[in-house]
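Presented below is the structure to which this report refers.
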Amino acid sequence: MLQLTIDGIARSAEPGRLLDVLLQAGAEVPHLCHDPRLTPHGGCRLCLVEVDGEPRPVASCACQAEDGMVIRTDTPVLRALRRTHLQLLAESYPAAAMEAEPQHPLHRLFAAYDVEPGGQLRDGLFLDDSHPYIGIDMTRCIDCQRCVRICEQLQGQFVWEAWHRGAALRIAPAHGATLLEGGCVSCGACVDSCPSGALYDKRVTVEVEGWTRTTCVYCAVGCQMEVGRRGGRVVAVRPAASPVNRGHLCVKGRYAFEFNHSPERITWPMIRDGEGWRRVSWGEALDFTAAKLRAIVAAHGADAIGVLGSARATNEENYLAQKFARVVLGTNNVDCCARVCHTPSAKALKTMLGTGAASNGFDDIELAGAFLICGANPTENHPVVGARIKQAVLNGARLVVIDPRRTELAGLADVHLAPRPGCNVPLFNAMAATLIEEDLLDQAFIGERVDGFDEFADFIVDYAPERVAMECGVSAADIRAAARLYAAGRPSMCLHGLGVTEHLQGTEGVMTLINLALLTGNLGRPGAGINPLRGQNNVQGAAHMGCDPATLPGGHSFKEAGARCASVWGGALPERHGRNLLQMVDAAAAGELKAMWAFGYDIYLSLANVGETSRALSELELVIVQDLFLNETAKAFGSVFLPAASFFERDGTFMNSDRRVQRIRQVVPAPGEARPDWWIIQQLAARLGRAEGFDFAGPQAIWDEVRALWPEGAGLSYARLEHESLHWPCPDEQHPGTPVLYQSSFPVGQRAMLAAIAYLPTPEQTDADYPLLLLTGRTLYQFNAGTMSNRTPDTVLRPADTLDMAPADASRLGLADATPVRVTSRYGEVVLPLRISRQVQPGQVFATFHRSEPLVNRLTSSIRDLQVQAPEYKVTAVRVTAVSA
Amino acid sequence: MIAFADDTPLAAILAEVFRFGAGESCGKCTPCQRGTPQLAAMFEAAMAGGRIEPGRCADLLDALGAASLCGHGRGLAEFARAVQTHFPEEWKACFS
Ligand code: SF4
Ligand code: SF4
Ligand code: SF4
Ligand code: FES
């Protein structure tokens, strides 16, 4: 603690920037170019203070508080200097802006110093009205350069530039005629920082009534944000300070919120009536559903029903969903969308190490010496983490990217390996072979923590880079270079995505990555680890709460937690193995499954091989869809529609990708008769005669039951979550949480076993008829099935799904950019606009899948991960032809 | 370095130094970026026989001298103050 005298009063303060210390102490020091997220700038000269011993006033934003400092923050001299500066800034400032918005902080500052805008507008100002979200009015610019700096320092995009100097200085994009041409990714950071209103949120047109802090609903980075409301509507979002996002958001969290008030929201329950839908009361909808479920159990048994939890729902709701399946219905047929993304990661990590989640936290990004990024495109799909990785790399961390496409991070990488899709296992094995052959091992770690080394070393010689390079489509030298960087960078952090998991050998692909961490001692230490970048906001939580046929709440197996659950739930658990999502679909096709209840999940749109999904779902007697919108599953197959409240409309918790449990809070009331998922489950349980056990007053009461069942989560009380960002395991209320797993041992034991995984090529191969390999994936501006993001102005930024193709293939096939092309696989066909892109390699094409039309999953195959059956979305042989007129 | 003839009037020298100073300003801090061109314009006006408003000039020089970010702005202010000290008559003439 420092001892300071501030305006004659003795104070103690934590060390830090003097301005922050003064503001903390309640001193009113004006400041315009300061932003705590950025390095000091010292440009506006408003934060001047007098410090004893200094010959002239000091810019408090640009110096550190020091012990013993005697500071005056408000003297006639300071006021005069500040006034002069404000006058200078106000000369070119438009008077109309001040009149229109007297409460704007800059305008209040002008008024407090009795300064009036002069309105002498400057020439040569940047003009651009083309961005759907970001408004630009450079007549208000005061040249503080916060936009320039935050775009560089937080987003790493380098869009803005201070052009020219002196009085001629103007702020404009460094490249291109518009913000978007200049490479803007629409994160909104510059808008958030701009103190003058020169940059503003175009779509925020009303004054915010109040702000509520909550967690982003899009990806599993779990950014904290504040949501502004007015008149029962969400009208604005701004970033919150939190260790996860450090005051940053991406375009989806910051701007893609208007879906919430889309006219397409369904706000009352409906029952299918022939080809149409009939509006019904909740009473009728619930009676109907309960009666159908009861009849199906009576006729076919409980295992004829499948329940699907949702990444969109809270932990509390997913917990209740699986409890409903197991306790009310009596089946383990319960799963969630984790099945189609990272269940392979959870399975591999749980099997080899003991915990089916990321080993390290996002705060380790700044500690890593090197990154190994595999099959993930974080700058688009986990943008805030992507930006942090980018900053770390710009600050000197080494980077290996393994991805068939030249993603943005691949462009920055020291080594970019672009393997043929489907070759992860031989490639990761070749890296392991290099580590052993070149003795790049952490011998001490292997000695203490790793089993099976000798057998593994014998096995892996067959995968020497020179043996497999050809098959993988990369050079042996590059494989070796990647392995060396990973070993030398220690601590090296591995982050992987669906490019690893959505394969025939998805789970095994992750296991071969874990081998690399075990061999190099990159586990159990900060800045290292094996970290799946979970896709959706609460996908980690949904599965962890037990929406998985083989998993009980807390991510535990039946053996680990069965007795505990049975005692809390007051009855034996169903003994028969449950079906996972894909097995449910198969069982439906075979006529064995009769009903499915899906919430917040458009199964039809998102499962691979639409033809097969469609045949299966059409066999079902009862399809209960619980969602915000009449999604594609509901339209084609739904029997009853239950309108859900959105995440802006309820309370609870989400679990993010790095094992943090974070609160979501109700911002606005749910529209019409929409209800939170937990309420709906509770009502159905009561109608099926199991009111007790579901009789919770609200999310917090549900969560307390979860904590009672999940020892590693027991310390995560709502009271603590109010003000702490905690990673589980957190076994009691005094525990600080565990950002880094496996520091001294693994849950599987003191030592973990290396996995000798042989390569098994996928049967999905190219041939003369289907000569190209199709990968599918996401883009920055859309999210998965597009249920939410397609109902926002993000569609302006990304109007359609596209097929990306290398220039060489396009010219060989005579296909022109932006023209529709027919893509045909062995399973189906779609027409997509072509986008010629240098990101994809010749011989491969890449499609996004955010829309119901064209439905890209018509193309994907029924091949699944060998262990947990995630579909192989990442490898489909196709041909591409012109669409004849 | 700026060269002047012996008989260059001080107002012209001041105008030239501030014009040069404004052109060399990096543009980062307010008093230098926005104040220097105003001072240049003031002395240019004085050269042409106009009168500088003394309070405003003093405020701008105070800000430049006490609060600019680097030696560029401070040096310009010191130069003007030196003229004021050593050539009080000619300095005063700019304000009347
Ligand atoms: S919105 Fe983000 S990326 Fe775009 S210019 Fe502003 S800071 Fe840069
Ligand atoms: S646009 Fe805003 S943030 Fe950027 S320099 Fe101007 S006032 Fe500062
Ligand atoms: S990075 Fe993910 S969690 Fe953060 S704002 Fe974007 S979508 Fe939301
Ligand atoms: S806030 Fe300190 S100089 Fe601008």
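Every chain is numbered from 1, with letters handed out A, B, ... down the list of sequences.
For the set A:Arg83, A:His85, A:Gln87, A:Arg82, the count of heavy-atom pairs under 4.5 angstrom toward chain B peaks at A:His85. Counting heavy-atom pairs closer than 4.5 Å to chain B, the top-ranked of the candidates A:Leu169, A:Ile142, A:Leu81, A:Asp143 is A:Asp143. Among the candidates B:Pro37, B:Ala22, B:Ser68, B:Cys32, the residue making the largest number of heavy-atom pairs closer than 4.5 Å to chain A is B:Ser68.
For A:Leu48, the part sitting under 4.5 Å from any heavy atom of chain B is the side chain, from C-beta outward, and nothing else. Neither the backbone nor the side chain of A:Ala80 comes within contact range of chain B, judged by heavy atoms closer than 4.5 Å. For B:Glu24, the parts lying under 4.5 angstrom from a heavy atom of chain A are both the backbone and the side chain. In this structure, chain A has heavy atoms under 4.5 Å from both the backbone and the side chain of B:Pro31.
One distance of note links SG of B:Cys26 with NE2 of B:His72; it measures 8.5 Å at 0.5 Å rounding.
For the pair A:Arg170 and A:Phe126, the cation-pi test (distance below 6.0 Å, angle within 45°) is failed.
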Derivation and outcome, ring-ring contact (aromatic ring centres under 6.0 Å, His included), residues A:Tyr93 and A:His107: CA-CA 10 Å; A:Tyr93 198 83; A:His107 302 163; 5.5 Å; yes

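The backbone N or O of A:Ile6 sits nowhere less than 3.5 Å from a side-chain atom of A:Arg11 that would complete a donor-acceptor pair. B:Thr30 places a side-chain N or O within 3.5 Å of a backbone atom of A:Cys44 that can act as its donor or acceptor partner.
Counting only N and O atoms by type, the side chains of A:Ser193 and A:Arg149 include no donor and acceptor under 3.5 Å apart.
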